[in-house]
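These figures come from a predicted structure and were not determined experimentally. For this chain, numbers begin at 1 and follow the sequence in order.
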Amino acid sequence: MIGVNIICVGRLKESYLRDGCAEYIKRLSAFAKVQVIEIAEERCSDNPSDSEIKSVIEKEGSRIIAKIPKGSCVIPLCIEGKEYSSPDFSAEIEKLSMNFSSLTFIIGGSFGLSDEIKNLGKMKLSFGKMTLPHQLARMVLLEQVYRAFSIINHSKYHK
């Protein structure tokens, strides 16, 4: 069974997001071994300078890199990523699953991901040009990964 890791900066604060994520993790567990790893957000001032933002991104990036399982396929979520339809995303997941024992999706903090993290990606994923709160992005990601595995396994979920 393939591993699906989600490394994300920050904790889920709202109960409805925790409940939604828990539901998709439960569903996805039929297809994959799922692990969500939360990395602490780096604190900064209310009006951070460019250098302070860069420092935050780098510090969070170092903590993320330390949590990436060896040999895992890294898939950062970033604005530079590619947008996929659900069937196309499923096809990509299926291809990657043949070459890697685990997939590690990475959701950065409010300032995004470091270039180092983005460069580790075998593919970069975007949910579009709209900005989503990082907590909501986690639930959307879990749903889409579950949908991808449902498509791969010919279940009735995807219509």
Practice task
Examine L132 and Y84 and state if one hydrophobic cluster contains both, with Ile, Leu, Val, Met, Phe, Trp and Tyr joined whenever side-chain heavy atoms are less than 4.5 Å apart.
Solution key: yes

Exercise for the section: Using the salt bridge (Lys or Arg N to Asp or Glu O under 4.0 Å) rule, take R147 and E143 through it: C-alpha gap first, then chi angles, then the decisive distance, then the call. Expected result: CA-CA 6 Å; R147 183 177 298 273; E143 191 282 333; 2.8 Å; yes

Problem - In one Ile/Leu/Val/Met/Phe/Trp/Tyr side-chain cluster, 4.5 Å: L120, L141 - result: no

Practice task
Could you tell me which non-hydrogen atom of I2 sits nearest to which non-hydrogen atom of S102, and how far apart they are?
Solution key: CG1-CA, 4.0 Å

Problem - CA sep, side-chain torsions, deciding dist, call: C44, F111, side chain to side chain contact (heavy atoms under 4.5 Å, CB included) - result: CA-CA 11 Å; C44 66; F111 297 117; 3.7 Å; yes

Practice task
Group every Ile, Leu, Val, Met, Phe, Trp and Tyr by side-chain heavy-atom contacts under 4.5 Å, then state whether I106 and L77 land in the same group.
Solution key: no

Problem - Approximate separation, where rounding is to 0.5 Å, of C21 SG and L142 CG - result: 5.0 Å

Problem - Side chain proximity check, L125 to K82, heavy atoms < 4.5 angstrom - result: no

Exercise for the section: Please examine the side chains of L103 and I93, heavy atoms only from C-beta on, and report whether any two atoms are closer than 4.5 Å. Expected result: yes

Fill in the blank from the handout: The reported gap from OG in S101 to NZ in K33 (rounded to nearest 0.5 angstrom) is 10.0 Å

Exercise for the section: Dump the intermediate steps for side chain to side chain contact (heavy atoms under 4.5 Å, CB included) on I75 and C73, then the final yes or no. Expected result: CA-CA 7 Å; I75 305 168; C73 177; 4.1 Å; yes

Handout entry: Over all atoms of both residues, closest heavy-atom pair of G71 and F100
Key = O-CD2, 3.3 Å

Practice task
Using a strict cut-off of less than 4.0 Å between a Lys/Arg side-chain nitrogen and an Asp/Glu carboxylate oxygen, indicate whether K122 and E92 qualify as a salt bridge.
Solution key: no

Practice task
Heavy atoms only: give me the nearest K13-E41 pair and the separation to one decimal.
Solution key: NZ-OE1, 3.8 Å

Handout entry: Within one Ile-Leu-Val-Met-Phe-Trp-Tyr cluster: F105 and L12, side-chain cutoff 4.5 Å
Key = yes

Handout entry: Pairwise side-chain contact, V4 with Q35, heavy-atom cut-off 4.5 Å (strictly under)
Key = no

Practice task
Give a yes or no on whether I68 and L96 share a hydrophobic cluster (residues Ile, Leu, Val, Met, Phe, Trp, Tyr; joining criterion: side-chain heavy atoms under 4.5 Å apart).
Solution key: no

Problem - Straight-line distance of C8 SG to R138 CZ, nearest 0.5 Å - result: 3.0 Å

Handout entry: Non-hydrogen side-chain atoms of E14 and Q135 separated by less than 4.5 Å
Key = yes

Exercise for the section: Flag the pair E23 and R27 as a salt bridge only when some basic side-chain nitrogen lies within less than 4.0 angstrom of an acidic carboxylate oxygen. Expected result: yes

Practice task
State whether E80 and K124 are salt-bridged, where the test is any N-O pair (Lys NZ or Arg NE/NH1/NH2 against Asp/Glu carboxylate O) under 4.0 Å.
Solution key: no

Handout entry: Exercise: identify the closest heavy-atom pair between S126 and C78
Key = CB-O, 3.4 Å

Fill in the blank from the handout: Here the gap from K95 atom NZ to I152 atom CD1, rounded to the nearest 0.5 Å, amounts to 11.5 Å

Exercise for the section: Please step through side chain to side chain contact (heavy atoms under 4.5 Å, CB included) for the pair L113 and I64, ending with a clear verdict. Expected result: CA-CA 10 Å; L113 293 168; I64 289 168; 3.9 Å; yes

Problem - Close side-chain approach of E94 to F89, heavy-atom, < 4.5 Å - result: no

Exercise for the section: For S155 and I151, indicate whether the former's side chain and the latter's backbone hold a donor-acceptor pair under 3.5 Å. Expected result: no

Completion exercise
Between S86 and Q144, the two heavy atoms sitting closest are OG-OE1, 2.8 Å

Handout entry: From NE2 (H134) to CG (L17), nearest 0.5 Å
Key = 13.5 Å

Practice task
Search all heavy atoms of I57 against all heavy atoms of G112 and return the closest pair with its distance.
Solution key: CG1-O, 4.2 Å

Handout entry: Salt-bridge present (E42, R63; N to O < 4.0 Å)
Key = yes

Completion exercise
Taken to the nearest 0.5 Å, the spacing of D88 CG from E83 CD works out to 12.0 Å

Exercise for the section: Flag the pair I107 / V9 as yes when at least one side-chain heavy-atom distance between them is below 4.5 Å, and no otherwise. Expected result: no

